[in-house]
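Presented below is the structure to which this report refers.
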There are 4 protein chains.
Amino acid sequence: MEYQIKKPEGRLGILIPGLGAVATTFIAGVEAIRKGISQPIGSLTQMGHIRLGKRTENRNPLIKDFVPLANLNEIVFGGWDVYEDNVYEAAVNAKVLEPGLLHALKPELEAIQPMKAVFDKAYARNLDGTNVKEAATKYELAEALMEDMLNFKEANECDRLVIVWCGSTEVYTEVSDVHQTVEAFEEGLRNNDPRISPSMIYAYAAVKIGVPFANGAPNLTVDIPALVGLSKENGVAISGKDFKTGQTLMKTILAPGLQARALGIRGWFSSNILGNRDGLVLDDPENFKTKEVSKLGVLEDILRPDDNPELYGDIYHKVRINYYPPHGDNKESWDNIDIFGWLGYQMQIKINFLCRDSILAAPIVLDLALFTDLAQRAGMSGIQEWMSFYYKSPQTAEGLRPEHDIFKQLTKLQNTLRHMMGEDLITHLGLDYYQDLVESL
Amino acid sequence: MEYQIKKPEGRLGILIPGLGAVATTFIAGVEAIRKGISQPIGSLTQMGHIRLGKRTENRNPLIKDFVPLANLNEIVFGGWDVYEDNVYEAAVNAKVLEPGLLHALKPELEAIQPMKAVFDKAYARNLDGTNVKEAATKYELAEALMEDMLNFKEANECDRLVIVWCGSTEVYTEVSDVHQTVEAFEEGLRNNDPRISPSMIYAYAAVKIGVPFANGAPNLTVDIPALVGLSKENGVAISGKDFKTGQTLMKTILAPGLQARALGIRGWFSSNILGNRDGLVLDDPENFKTKEVSKLGVLEDILRPDDNPELYGDIYHKVRINYYPPHGDNKESWDNIDIFGWLGYQMQIKINFLCRDSILAAPIVLDLALFTDLAQRAGMSGIQEWMSFYYKSPQTAEGLRPEHDIFKQLTKLQNTLRHMMGEDLITHLGLDYYQDLVESL
Amino acid sequence: MEYQIKKPEGRLGILIPGLGAVATTFIAGVEAIRKGISQPIGSLTQMGHIRLGKRTENRNPLIKDFVPLANLNEIVFGGWDVYEDNVYEAAVNAKVLEPGLLHALKPELEAIQPMKAVFDKAYARNLDGTNVKEAATKYELAEALMEDMLNFKEANECDRLVIVWCGSTEVYTEVSDVHQTVEAFEEGLRNNDPRISPSMIYAYAAVKIGVPFANGAPNLTVDIPALVGLSKENGVAISGKDFKTGQTLMKTILAPGLQARALGIRGWFSSNILGNRDGLVLDDPENFKTKEVSKLGVLEDILRPDDNPELYGDIYHKVRINYYPPHGDNKESWDNIDIFGWLGYQMQIKINFLCRDSILAAPIVLDLALFTDLAQRAGMSGIQEWMSFYYKSPQTAEGLRPEHDIFKQLTKLQNTLRHMMGEDLITHLGLDYYQDLVESL
Amino acid sequence: MEYQIKKPEGRLGILIPGLGAVATTFIAGVEAIRKGISQPIGSLTQMGHIRLGKRTENRNPLIKDFVPLANLNEIVFGGWDVYEDNVYEAAVNAKVLEPGLLHALKPELEAIQPMKAVFDKAYARNLDGTNVKEAATKYELAEALMEDMLNFKEANECDRLVIVWCGSTEVYTEVSDVHQTVEAFEEGLRNNDPRISPSMIYAYAAVKIGVPFANGAPNLTVDIPALVGLSKENGVAISGKDFKTGQTLMKTILAPGLQARALGIRGWFSSNILGNRDGLVLDDPENFKTKEVSKLGVLEDILRPDDNPELYGDIYHKVRINYYPPHGDNKESWDNIDIFGWLGYQMQIKINFLCRDSILAAPIVLDLALFTDLAQRAGMSGIQEWMSFYYKSPQTAEGLRPEHDIFKQLTKLQNTLRHMMGEDLITHLGLDYYQDLVESL
Ligand SMILES: NC(=O)c1ccc[n+]([C@@H]2O[C@H](COP(=O)([O-])OP(=O)(O)OC[C@H]3O[C@@H](n4cnc5c(N)ncnc54)[C@H](O)[C@@H]3O)[C@@H](O)[C@H]2O)c1
Ligand SMILES: NC(=O)c1ccc[n+]([C@@H]2O[C@H](COP(=O)([O-])OP(=O)(O)OC[C@H]3O[C@@H](n4cnc5c(N)ncnc54)[C@H](O)[C@@H]3O)[C@@H](O)[C@H]2O)c1
Ligand SMILES: NC(=O)c1ccc[n+]([C@@H]2O[C@H](COP(=O)([O-])OP(=O)(O)OC[C@H]3O[C@@H](n4cnc5c(N)ncnc54)[C@H](O)[C@@H]3O)[C@@H](O)[C@H]2O)c1
Ligand SMILES: NC(=O)c1ccc[n+]([C@@H]2O[C@H](COP(=O)([O-])OP(=O)(O)OC[C@H]3O[C@@H](n4cnc5c(N)ncnc54)[C@H](O)[C@@H]3O)[C@@H](O)[C@H]2O)c1
Ligand code: NA
Ligand code: NA
């Protein structure tokens with residue numbers, strides 16, 4: 001039995017608020033891939049396989065041959081930014097990709113001019129771009145964004161749109177009454193309530209007119225009751241928050257592994273050096289505070305110290321980010337993990353990751369765009385928890401603990417795809433391969 | 001619905017061929033735990049939890065409270081070795097545990113005297129112990145071992161026995177005709193066929209009289225058609241091969257994580273230093289050869305280069321073991337992993353693991369003993385593939401590719417336990433938490 | 001020709017303000033060495049050799065057989081602390097040495113009771129001990145310390161005394177008018193001038209009555225014009241500041257090596273984790289500030305960016321100290337050094353030092369005590385720059401740049417010893433081994 | 001007083017047997033530097049300073065402003081190789097420098113065609129080039145080389161020549177009777193004695209006609225009594241062997257530092273991965289043997305276990321080279337150093353060097369060429385021990401132990417330059433800065 005999923009006919013428009021390092025690496029990459037110059041390494045939708053049926057069936061298709069995804073050649077890019085640089089200029093400034101590669105893509109990238117942004121300096125004090133919309137109320141700004149979206153769709157002859165937030169991290173805010181209901185929120189938009197951030201305005205505009213929305217930054221954005229409610233009403237797929245890359249990615253790989261073997265953890269010291277714009281901002285202890293809180297949570301959620309006090313009840317977990325310009329976008333991290341085993345004997349694991357931040361984030365943008373479009377065509381509305389795999393702080397239904405273990409996240413993602421296509425879920429039980437065992441049970 | 005599992009009443013005898021570093025660390029550890037001095041860190045059967053039902057049910061019991069396992073206080077230890085040292089002396093020589101701890105356990109450990117071993121210098125050229133059985137044929141040796149087992153059971157008033165091989169790694173052998181059928185094998189025992197190794201004689205003796213058998217070394221032992229067949233006939237649970245610890249453990253944690261994200265791998269260089277008796281033996285290129293073959297396989301089986309040629313088709317994988325006495329049993333490993341992401345951009349991961357070999361192996365001996373006894377009581381006979389979690393080269397049904405991904409192995413192990421106890425298998429689908437989604441599908 | 005050096009006859013009293021981790025590790029160590037239990041590893045005076053004459057003479061005596069040093073068996077220990085713990089109790093609290101070793105030395109260590117300290121909470125806010133002298137003026141406190149010294153000398157039948165400051169680091173102060181002349185300083189003592197720190201009072205008392213003084217902390221102490229002047233007047237040897245151990249030791253080994261080869265440096269990132277009392281204090285950004293300034297200077301002084309702008313003119317040097325309790329006194333450091341060579345091509349050096357702070361500092365205390373006593377007997381007064389080898393911020397004559405290159409420091413130290421004993425200085429020229437060369441020049 | 005050093009007038013020809021990775025990186029680099037594209041980082045003759053006189057004089061000129069060296073613009077390059085590739089092609093194959101840079105230098109590099117080599121497959125089994133001289137005897141080959149040298153000198157209007165061996169490492173040979181005297185050697189040349197290697201023929205040809213010679217490989221070459229004798233007779237400067245780069249460079253920096261502080265060493269494990277042609281050759285255990293012996297010697301010579309048995313008498317030193325193609329010429333090394341300090345307490349230092357072999361070697365070729373030419377003009381003949389600084393196995397007068405400590409080597413080099421120019425040698429004594437001290441001595 002196969003579910004009703006609308007075919008991905010016609011063009012898909014991917015709209016991105018924030019055309020910085022991640023977004024330009026993503027767009028330039030897709031252009032290079034379409035030209036056959038490069039490969040979409042790191043993207044499950046393009047290069048990942050999925051096992052179907054029993055092991056002995058040897059069915060292991062590419063994901064993109066299994067579920068009906070938009071084709072890369074049917075994608076159009078657009079976006080907003082507070083700076084006027086086109087995507088070529090922005091990519092050159094970001095210094096992630098080699099000049100030679102960017103040069104080969106210059107015409108395509110130059111053609112993408114950012115639309116005027118909805119912006120509020122109170123939410124990003126370090127930015128001073130002028131490519132910004134002006135209007136009397138936040139409500140009017142939201143209307144202007146809806147117009148941008150619809151104009152873009154028409155001008156580019158798109159069948160569907162999807163939005164992925166790649167803008168700068170906004171200052172910390174908590175959910176308050178203005179975020180609770182659609183009514184309160186729309187009232188706030190009209191009153192210019194300061195608790196409504198720019199990213200929320202983008203998210204509202206999208207969900208209002210039925211455009212699905214994914215959030216790559218740690219700010220709340222679409223993770224407020226008003227917009228969750230609206231997304232269900234309007235049948236719109238949403239997800240967030242914060243692309244999972246680098247050290248946190250490693251942590252959600254390694255911690256489940258140690259836990260699988262019931263090895264104890266006494267301390268985990270994580271240090272980073274990075275020299276890009278993000279690094280400069282996070283060097284300020286105040287800005288780092290927000291990021292720190294989110295980064296520290298990961299370990300606790302995986303290890304559950306309450307359930308395992310002897311193993312994980314007394315972990316000293318510390319995360320440090322140090323601005324170090326010599327390395328530019330090439331973030332480097334060190335982890336020192338103090339573990340203990342049988343009878344409490346101590347061991348140490350030390351990991352040094354010479355990574356590239358935007359290179360790890362770009363394929364996530366692609367997968368989120370394509371899977372979100374798929375979910376939307378499958379009629380799945382509201383929070384798409386099965387995309388937790390891609391996020392540092394997965395957005396979940398209220399009261400539901402987020403899952404951080406990357407392997408459980410992957411199982412969830414794959415079983416969701418199997419479920420959508422009417423295939424058996426995989427439990428790795430496999431007793432049936434040992435037939436007489438099963439009979440004996 | 002719950003399956004029929006015999007209750008773990010009475011005492012369980014754990015018999016170990018090979019009372020060296022791993023076995024004595026295991027036995028001393030259980031004694032220390034029984035005295036309340038130490039904790040069974042690293043053991044799932046003692047400290048692991050298992051989630052049952054839906055996330056919102058918050059059912060997460062200890063495994064030992066969920067499945068009926070033998071109680072640590074109802075265990076008796078015995079074993080064979082080619083040296084006459086009792087377990088106290090052998091543990092002191094192994095230099096794994098602190099003298100202070102061993103001293104506190106001296107009476108219990110001294111009481112365990114090794115029975116005379118079945119031994120053949122052709123299979124372990126470096127050993128020259130004299131605590132060895134003599135007999136005209138291998139068949140008579142097998143009979144002597146059966147007598148040892150039955151005598152031990154009676155003398156120690158055991159209800160059940162289980163055997164875990166912790167003897168030295170035997171020289172490399174391949175399956176040949178003498179290993180194919182029970183008849184050919186028994187004929188070989190009578191003819192003193194040189195292709196029958198000592199560990200096979202132990203395994204035969206055990207399976208013949210219904211004692212389940214787990215194999216912690218890479219030698220074939222119970223992984224031959226003759227003994228697999230006999231185990232099914234006699235309703236005996238068996239499993240193997242080679243305890244999964246240290247660098248290989250890390251590899252089966254990390255490789256699935258990189259693969260999950262479709263990150264490419266160009267090279268993986270693994271270097272080890274260790275200074276115990278194992279290290280000395282493996283410093284000889286010839287001896288290392290066998291271990292190398294087995295260690296290299298892990299990566300290939302997880303990454304499936306055939307299915308993913310662009311990502312994993314050209315990995316240069318190298319494993320080196322270097323004898324380095326200053327570190328003793330404190331094995332230390334370095335991994336250098338050359339990965340590539342979006343558009344082929346390269347990154348590096350470097351891991352330095354200051355580990356302790358026998359500390360990681362000891363809780364595996366405990367879990368294998370208790371789970372094997374459980375399987376036996378549940379009437380599960382033949383290969384127990386669900387224990388792959390503990391092995392570097394999991395023994396599987398013929399024609400079935402072994403699973404090395406530690407997270408799939410864990411899912412398999414846990415779902416097997418759930419299945420045995422009549423609980424729902426867990427697929428991490430979780431769409432039902434988002435009720436209207438499910439309706440919409 | 002040999003200089004007039006008074007023979008080391010009779011007993012030498014080593015008095016230490018601050019009986020904490022370093023001091024107790026030092027004292028317990030000397031006791032263990034005297035008992036023949038342990039060896040004075042890390043001490044040049046006990047284990048170092050010195051080459052004399054030409055290479056072909058093969059003269060390479062132990063330093064202690066070359067210069068007349070006090071014998072370890074002729075040493076008596078004493079000290080002051082704000083806490084009343086005797087040296088045994090303080091050593092147990094410091095958790096540096098194994099309980100077993102301390103137990104074997106208990107009687108000797110218990111016998112050393114700290115004298116009442118001169119203390120001022122304004123200079124060490126975290127301490128609250130009560131073993132503190134009370135007096136109306138700082139002048140009277142100085143007099144009380146002189147009395148302590150003389151009493152100790154008499155009670156312990158010492159021929160000579162030497163003082164090594166091992167007290168906590170005091171808060172940052174700069175040299176001001178009260179520190180300029182002996183007159184102003186003594187006036188300040190009488191007026192309780194707040195700019196006179198406790199360590200200065202100890203130093204004044206010592207120098208006043210002819211006791212040489214070495215300073216192991218970064219505070220000014222004896223590094224003020226008033227006390228330098230007084231030391232020359234009274235013929236007293238003095239030196240400082242801050243024992244050179246751990247990461248800084250490594251830096252002053254490695255930086256000269258890179259510079260020797262004219263390799264450029266673009267960045268040097270140094271990160272530390274430590275979990276002892278020092279670490280807790282330095283976790284506070286304000287306290288760290290002082291230490292940071294001093295630590296950063298080392299590199300600049302060795303590399304001289306002004307003279308080598310292309311190689312060292314643009315180094316991003318960052319030092320971080322992170323409190324991390326799981327490691328206790330076992331400080332661990334990571335250095336990431338970004339270097340460049342021929343045509344600007346970049347390379348990286350990464351160093352991970354699993355070190356032990358007090359173990360590295362203790363032999364320095366011994367060497368400083370013995371060499372300072374030697375200098376005093378040789379009639380060398382004022383600043384002993386030849387002991388720069390042992391210090392992070394060597395005290396020098398005004399206007400003289402300190403030398404941080406550990407190899408130049410060592411050459412200076414050894415040539416000073418040769419000079420004192422009338423031996424030829426060594427220049428490593430060695431052309432005379434190639435006789436005809438010399439003739440041809 | 002200044003020595004008589006001939007001025008460096010006219011052009012200097014640098015001739016190189018072996019136009020492989022190192023030689024082409026050197027030549028291309030000098031071309032780039034002459035064009036102002038790049039800088040001669042890593043070269044003391046170009047970027048190093050030398051301190052003169054007392055610290056307070058502040059005299060610290062560039063070495064090239066202090067001693068009369070050949071100017072880079074007055075250099076001409078030539079060489080021999082068994083392959084016909086010109087320097088541009090050879091540099092492209094070596095994959096050390098970026099294609100863009102090589103492209104900019106194409107005309108200059110293409111112009112350098114290798115002369116036919118003197119070659120013998122018995123000394124380098126893996127090479128099969130055909131650009132090789134043919135002649136009846138080795139004596140005639142030597143004559144052909146002398147002709148090459150004189151022709152080159154004339155054709156390129158050179159005033160002087162110097163030769164630096166950058167050819168492949170030859171198979172291991174020991175000094176025997178044919179190498180003892182000039183007579184025996186010339187007799188051997190005429191008899192085609194197999195013990196005379198190709199590199200010896202180059203060296204003989206050079207020394208015979210007065211061309212100074214430096215040897216960058218570990219083979220004997222000019223380090224035989226016959227050629228040492230001839231060099232003195234003919235007034236020719238010679239030196240060797242084996243450029244000091246990478247891990248050995250680090251070892252001769254770090255080991256003296258640890259020794260300076262009398263810290264003990266228990267083990268030193270050095271592991272390398274490299275993927276260039278050298279790496280492939282050294283992967284063969286037999287070939288590695290020779291290199292291993294030489295690499296292991298360094299530590300022993302610095303630490304002198306005989307003089308310091310408690311500190312260095314029981315070091316387990318192991319060096320491993322592993323072929324690992326993914327890294328190409330970017331050699332990477334790991335060192336694990338087990339040290340011990342005060343009372344025997346243990347610590348560990350771990351170094352990971354992401355280096356570039358040829359980038360470190362190229363400036364050494366330049367310095368050796370220029371300093372050798374200087375020595376020759378200064379009339380210094382025979383072994384130039386003061387260039388030990390650049391070599392892994394410094395060539396010394398018979399019976400003289402080589403100095404491996406890089407800081408003593410540097411002092412020797414600098415004091416030699418000071419001596420040549422009539423400046424005071426520097427001893428770092430510095431007591432005169434503390435005037436009254438000196439008087440008191
Ligand atoms: N690996 C990663 O790089 C990674 C991982 C997780 C999360 N993230 C998040 O992704 C986001 C983008 O990262 P980046 O490295 O590309 O940063 P960046 O600073 O290079 O780019 C952000 C861009 O957003 C623009 N912007 C800011 N506010 C805007 C607004 N209101 N409307 C439109 N444009 C706006 C900025 O002008 C800038 O060009 C950040 O929030 C970052 O925290 C990145
Ligand atoms: N982490 C680990 O330590 C680890 C991991 C995987 C596998 N293993 C395997 O576990 C086994 C035990 O390891 P160990 O470190 O304890 O080694 P060990 O050398 O300390 O002990 C092995 C013991 O087996 C005995 N023995 C050998 N042949 C025998 C025979 N025929 N009958 C009875 N006794 C015999 C030896 O005398 C010795 O006492 C080895 O095969 C090893 O490869 C260990
Ligand atoms: N490797 C090293 O451990 C190292 C290296 C360089 C410098 N140092 C310096 O050496 C000093 C000692 O280090 P530690 O690790 O032993 O510290 P610690 O905190 O263990 O000991 C310092 C002791 O000084 C005492 N004290 C403080 N003020 C005093 C006063 N006015 N009079 C008498 N006693 C006083 C304290 O009560 C304490 O017992 C510190 O200044 C530290 O910065 C240590
Ligand atoms: N850091 C370093 O790269 C380093 C350090 C120390 C020593 N070395 C030594 O320097 C030498 C050159 O290293 P490389 O990396 O350039 O090696 P390479 O293999 O790239 O180059 C060596 C060249 O010598 C040529 N050759 C061999 N025998 C010859 C002969 N008889 N006459 C003329 N040419 C001959 C070969 O054809 C080849 O082109 C080697 O001996 C190496 O061991 C290199
Ligand atoms: Na840090
Ligand atoms: Na290795």
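Predicted model, so just to flag it, every value in this text is computed and none were measured.
Counting only heavy atoms from C-beta outward, the side chains of Trp342(A) and Leu366(B) approach each other to under 4.5 Å. Here the side chains of Met250(A) and Leu254(B) are in contact, with some heavy-atom distance below 4.5 Å. Counting heavy atoms from C-beta on, the side chains of Phe340(B) and Ile359(A) never come closer than 4.5 Å. Annotation: side chain of Leu97(A) is in contact with side chain of Tyr345(B) (closest heavy-atom distance under 4.5 Å). With a 4.5 Å cut-off on side-chain heavy atoms, Leu263(B) and Leu360(A) count as touching. Side-chain contact check for Leu354(B) versus Lys350(A): some heavy-atom pair is nearer than 4.5 Å.
Of the listed residues (Ala260(A), Pro256(A), Ala362(A)), the one with the most heavy-atom contacts under 4.5 Å to chain B is Ala260(A). Of all the listed residues (Arg356(A), Gln409(A), Arg401(A), Gln259(A)), the one sharing the greatest number of non-hydrogen pairs under 4.5 Å with chain B is Arg356(A). Options Leu311(A), Ile406(A), Ile337(A), Ile339(A) differ in how many heavy-atom pairs under 4.5 Å they form with chain B, and the most are formed by Leu311(A). Contact count against chain B (heavy-atom pairs under 4.5 Å) is highest for Cys355(A) among Gly48(A), Cys355(A), Gly264(A).
In this structure Lys64(A) satisfies the salt bridge (Lys or Arg N to Asp or Glu O under 4.0 Å) test with no other residue, sequence neighbours excluded. Residues satisfying the side chain to side chain contact (heavy atoms under 4.5 Å, CB included) criterion with Ser231(A), sequence neighbours excluded, are Val207(A), Val236(A), Ile238(A).
For a residue to count as touching a neighbouring chain, one of its non-hydrogen atoms must lie under 4.5 Å from one of that chain's; by this rule Arg418(A) does not touch chain B. Of the atoms belonging to Lys331(A), not a single heavy atom falls under 4.5 Å from chain B. With a threshold of 4.5 angstrom between heavy atoms, Leu410(A) approaches chain B through side-chain atoms but not through N, CA, C or O. In this structure, no portion of Leu62(A) lies under 4.5 Å from any heavy atom of chain B. Neither the backbone nor the side chain of Ser333(A) comes within contact range of chain B; no heavy atom of the residue lies under 4.5 Å from a heavy atom of that chain. The contact between Glu98(A) and chain B is made by backbone and side chain atoms together, counting heavy-atom distances below 4.5 Å.
A cation-pi geometry, defined here as NZ or CZ lying under 6.0 Å from the six-membered ring centre and within 45° of its normal, holds between Arg261(B) and Phe389(A).
Among the candidates Ile41(B), Leu101(B), Ile37(B), the single residue satisfying the side chain to side chain contact (heavy atoms under 4.5 Å, CB included) test with Leu343(A) is Leu101(B).
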